[in-house]
Amino acid sequence: MPDNISILQRLRENNPFASHASPLPWNNNNPDLQNLNRDTSEEIEQLIRQKRREPTVPLAGLILGEAGSGKTHMLSRILRRMRSNAQPAVFVAVRAFTDPESVTQHILSEIFNSLRLIHSKGRSQFDMITSEFMNAYREHRRNEGFDSIERLDLRANIKKDIPRLDRNFLKCLLLYMSANDETTKTDILDWLCSGLDDEDSLRLGLPSRDTNMMTNSRREHEAENILISLGLVLGYAKVPMIICFDQLDSMKDKEKRRELITAWGNTVSLLMNDLSGILPLCFVRAQVWNDVFVPVLDEAAEQRIKSNRMIMKTCSVEQAKQLVKERISATFSEGADEIYNWLISRMNVNQEYSPRQVIELANHVITNSSRKENDPEEITKIIEGVFNDEYKKVQAAQVVWPPNAEHLTLALEVWLSSLEGFTVAKSSEKYIRLKGIHGDTKYAFIPLTAKGHSTVSAALKAGMSFMTEYPGSECFYISEDKTHKKTWKQANENLRKFIGQGGHSLILDKDTRINWYALTALINRVDNGDVNIYSASQTRTATRRDILGFVRTLKLIDSPSLKFSPVAIIHTPTPQKFGSKSKPQPTVYYDDKLFSDTLSSIITSSPMKILAVDKAVDLLSQRGIKVGRNEIISFVKKNFERFRSYSTKNDTLITLAERK
């Protein structure tokens with residue numbers, strides 16, 4: 001019988017529990033608990049069957065449960081059964097979104113990201129939709145008495161069958177089905193999803209569609225029209241699309257909570273009521289749903305979403321032991337029973353856990369069972385392990401992570417906030433998404449993944465204007481080789497001028513981009529309460545603060561301009577009037593736009609959108625901006641077009657100016 005040391009060594013060399021990151025449902029080969037959440041899976045299958053029979057019937061599912069409760073395994077079982085029964089369906093995962101004004105665009109992008117994934121036999125999900133679409137088309141013609149469709153006008157007949165189908169969507173559909181190369185197919189889906197450069201659109205015979213040159217309201221309107229046409233195609237082909245919202249917990253951020261949830265509720269209502277063939281499934285913790293979503297959603301939207309409510313259950317003690325046993329048996333062909341008995345005796349499984357918690361407990365025993373409480377090095381190791389999981393997933397399925405400026409901005413913002421002495425905030429300017437300051441140096445960052453040369457030229461001009469306005473400042477243009485083309489004459493001429501003026505250019509390739517999107521995935525998981533910190537005596541949910549120690553070890557931008565040594569910030573006391581009882585206040589000067597945007601954000605998230613100046617001092621300090629009450633009052637009075645101040649007996653109150 002193996003001794004304890006040899007068992008532990010074998011487990012550490014080949015750890016079946018090293019990763020609890022679930023792959024995509026159709027690629028999930030991990031051992032599964034067939035009986036766990038069987039009732040929920042059967043209810044979802046019933047909804048899918050109903051959606052196939054009656055594509056226009058409004059349906060949705062609300063699935064309440066903790067993170068790691070087996071969602072991916074359950075969906076994997078459903079998809080396997082549908083395949084075995086020759087019942088095609090497509091699966092879409094929608095990640096967290098942060099902009100309430102572009103929710104429809106975000107969902108459209110996420111849908112097409114998932115549709116590009118390989119479904120089976122080397123064919124993508126969109127290939128499968130077009131195949132089923134043509135099967136339905138042939139069936140319609142047979143019902144009209146045509147045995148062959150070769151000589152029939154395909155375009156005219158589709159327009160007759162689906163009169164509401166957008167003509168450009170129909171053109172893209174026909175182009176896609178006739179394309180013989182993957183590059184052309186990719187460009188067609190890009191045109192539908194996010195737009196293309198003029199020359200690429202012309203090559204395809206499609207109208208120019210550089211979405212970055214549109215107003216946001218027009219982009220939202222176009223995204224809605226494309227979604228409606230996609231729904232019409234799904235309904236015609238009788239292919240249900242399952243859209244899973246599984247990072248809804250991250251929308252509990254107080255700053256944008258109401259706007260985000262309202263926009264999300266409106267979009268889910270659109271998916272249910274106006275789109276054929278689409279089944280939204282909303283995965284969220286019960287407490288978050290009741291405490292965060294219900295008070296914000298209008299009653300009609302709430303009732304529609306929760307009309308089919310299901311509960312994800314945790315593992316019983318026996319199911320937890322079964323999960324451990326099956327993972328060990330799948331990894332070790334010899335000595336599996338001895339290894340299982342050794343491990344399960346040390347896990348202390350005596351209550352119900354989610355499948356993820358079971359896996360984490362096993363990994364905890366194998367790796368280190370005596371972690372110190374809140375030890376920074378141990379926390380960094382845990383976060384690094386989660387990041388490595390996400391890195392592998394991004395690396396294996398880069399098609400799910402296409403160029404996305406929002407994702408690059410999120411990763412960059414968190415990385416910059418981890419740097420010593422660096423203050424960063426979002427910018428409301430069109431092209432400069434982030435601004436920062438370190439010491440006396442101002443920074444601007446332009447993450448851009450637009451596929452239009454006009455947009456790139458305009459963004460680079462904005463960067464040059466920033467450096468002209470602030471001599472000695474630093475400006476970074478960040479893009480990807482998939483989107484920034486060497487054939488763009490004017491855009492590349494502006495890039496040369498931008499660099500000549502002192503700007504920095506970072507063009508990510510297929511390898512360097514992985515760090516950025518893996519970091520985005522890590523942040524999303526932390527914001528969704530999906531990462532736990534284990535110590536010897538307790539388990540708690542990780543926060544963004546926990547990830548900073550690891551994040552600063554990443555080299556998202558390897559530039560001397562962003563390599564700082566720890567610095568001491570020296571504050572100059574504001575002169576006091578004789579006899580004043582107030583304490584000296586610090587005076588530090590920040591970029592007005594950065595300071596204005598941060599102050600506006602803090603006021604907006606405050607009750608009644610009114611804030612006492614003393615409270616503003618504290619909240620600004622938490623965001624890395626050290627200013628005193630006198631500076632805030634002076635700034636508010638100077639910027640009367642955006643802010644207002646009111647003196648009271650005890651303090652001065654500040655609020656936003658009313659927009660006319």
Side-chain angles (χ1 to χ4, degrees), residues 98-101 250-263 291-298 413 417 421-429 432-437 442 527 543-545 569-660:
T98 57
D99 184 0
E101 296 183 357
S250 61
M251 289 201 298
K252 57 191 178 186
D253 180 3
K254 291 184 179 180
E255 190 171 318
K256 292 184 178 179
R257 174 193 296 174
R258 181 167 294 275
E259 292 84 357
L260 278 171
I261 293 175
T262 300
D291 295 350
V292 178
F293 281 75
V294 172
V296 174
L297 288 171
D298 69 77
E413 181 185 10
S417 69
F422 196 92
T423 300
V424 62
K426 291 179 180 177
S427 168
S428 60
E429 295 182 27
I432 297 176
R433 289 175 173 260
L434 296 172
K435 286 186 176 180
I437 190 166
K442 296 178 174 64
D527 288 350
T543 66
R544 282 202 186 185
R545 184 184 297 274
I569 301 177
I570 301 174
H571 302 295
T572 304
T574 302
Q576 290 179 268
K577 293 182 180 179
F578 180 76
S580 171
K581 295 182 180 180
S582 60
K583 296 180 181 179
Q585 301 293 329
T587 301
V588 181
Y589 293 97
Y590 293 89
D591 166 44
D592 282 359
K593 190 72 173 64
L594 172 68
F595 181 62
S596 179
D597 289 345
T598 307
L599 182 59
S600 175
S601 172
I602 289 172
I603 294 173
T604 301
S605 62
S606 300
M608 306 297 290
K609 298 185 179 181
I610 298 175
L611 191 64
V613 172
D614 283 343
K615 182 65 175 177
V617 171
D618 293 337
L619 293 174
L620 287 167
S621 176
Q622 292 174 19
R623 298 196 181 196
I625 297 181
K626 310 292 184 181
V627 292
R629 56 177 290 113
N630 294 340
E631 284 72 36
I632 294 176
I633 294 171
S634 175
F635 183 86
V636 167
K637 290 181 178 178
K638 184 175 68 173
N639 293 273
F640 61 89
E641 74 285 352
R642 188 170 188 182
F643 302 101
R644 294 286 188 272
S645 64
Y646 305 94
S647 297
T648 67
K649 183 177 180 180
N650 299 319
D651 201 349
T652 298
L653 304 179
I654 54 176
T655 186
L656 297 176
E658 292 185 8
R659 295 182 178 179
K660 297 182 179 180

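Bear in mind that the values here come from a model prediction, so they are computed numbers and not experimental data.
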- prompt: Which pair of non-hydrogen atoms, one from Arg629 and one from Val617, has the smallest distance, and what is that distance?
  reply: N-CG2, 3.7 Å
message: Working to the nearest 0.5 angstrom, can you tell me the gap between Ile603 CD1 and Leu619 CG?
response: 10.0 Å
Straight-line distance of Ile261 CD1 to Asp298 CG, nearest 0.5 Å: 12.5 Å
field: Nearest heavy atoms of Ala263 and Pro100, plus distance in Å
entry: CB-O, 3.3 Å
message: If you define the side chain from C-beta out and look only at heavy atoms, does anything of Arg642 sit under 4.5 Å from Val636?
response: no
Separation between NZ of Lys609 and CD1 of Ile602, rounded to the nearest 0.5 Å: 14.5 Å
Non-hydrogen side-chain atoms of Glu413 and Lys426 separated by less than 4.5 Å: yes
field: Distance (rounded to the nearest 0.5 Å) between Phe293 CZ and Thr262 OG1
entry: 10.5 Å
- prompt: Is any side-chain heavy atom of Leu653 less than 4.5 Å from a side-chain heavy atom of Leu611?
  reply: no
statement: Heavy atoms of Asp527 and Arg544 approach each other most closely as OD2-NH2, 2.8 Å
Derivation of the side chain to side chain contact (heavy atoms under 4.5 Å, CB included) call for Leu656 and Ser600: CA-CA 7 Å; Leu656 297 176; Ser600 175; 3.7 Å; yes
- request: For the pair Lys435 and Glu429, evaluate salt bridge (charged side-chain N to carboxylate O under 4.0 Å, His left out) and give the outcome as yes or no after the intermediate values.
  value: CA-CA 10 Å; Lys435 286 186 176 180; Glu429 295 182 27; 2.6 Å; yes
message: Are the side chains of Ile654 and Tyr646 in contact, using a 4.5 Å heavy-atom criterion?
response: no
task: Applying side chain to side chain contact (heavy atoms under 4.5 Å, CB included), run through Val296 and Leu260 and close with a yes or a no.
output: CA-CA 10 Å; Val296 174; Leu260 278 171; over 6 Å; no
- request: Give the C-alpha distance, both sets of side-chain angles, the deciding distance and a yes or no for side chain to side chain contact (heavy atoms under 4.5 Å, CB included) between Phe643 and Leu599.
  value: CA-CA 9 Å; Phe643 302 101; Leu599 182 59; 4.0 Å; yes
Atom of Ala616, atom of Ile632 and distance for their closest heavy-atom approach: CB-CD1, 4.0 Å
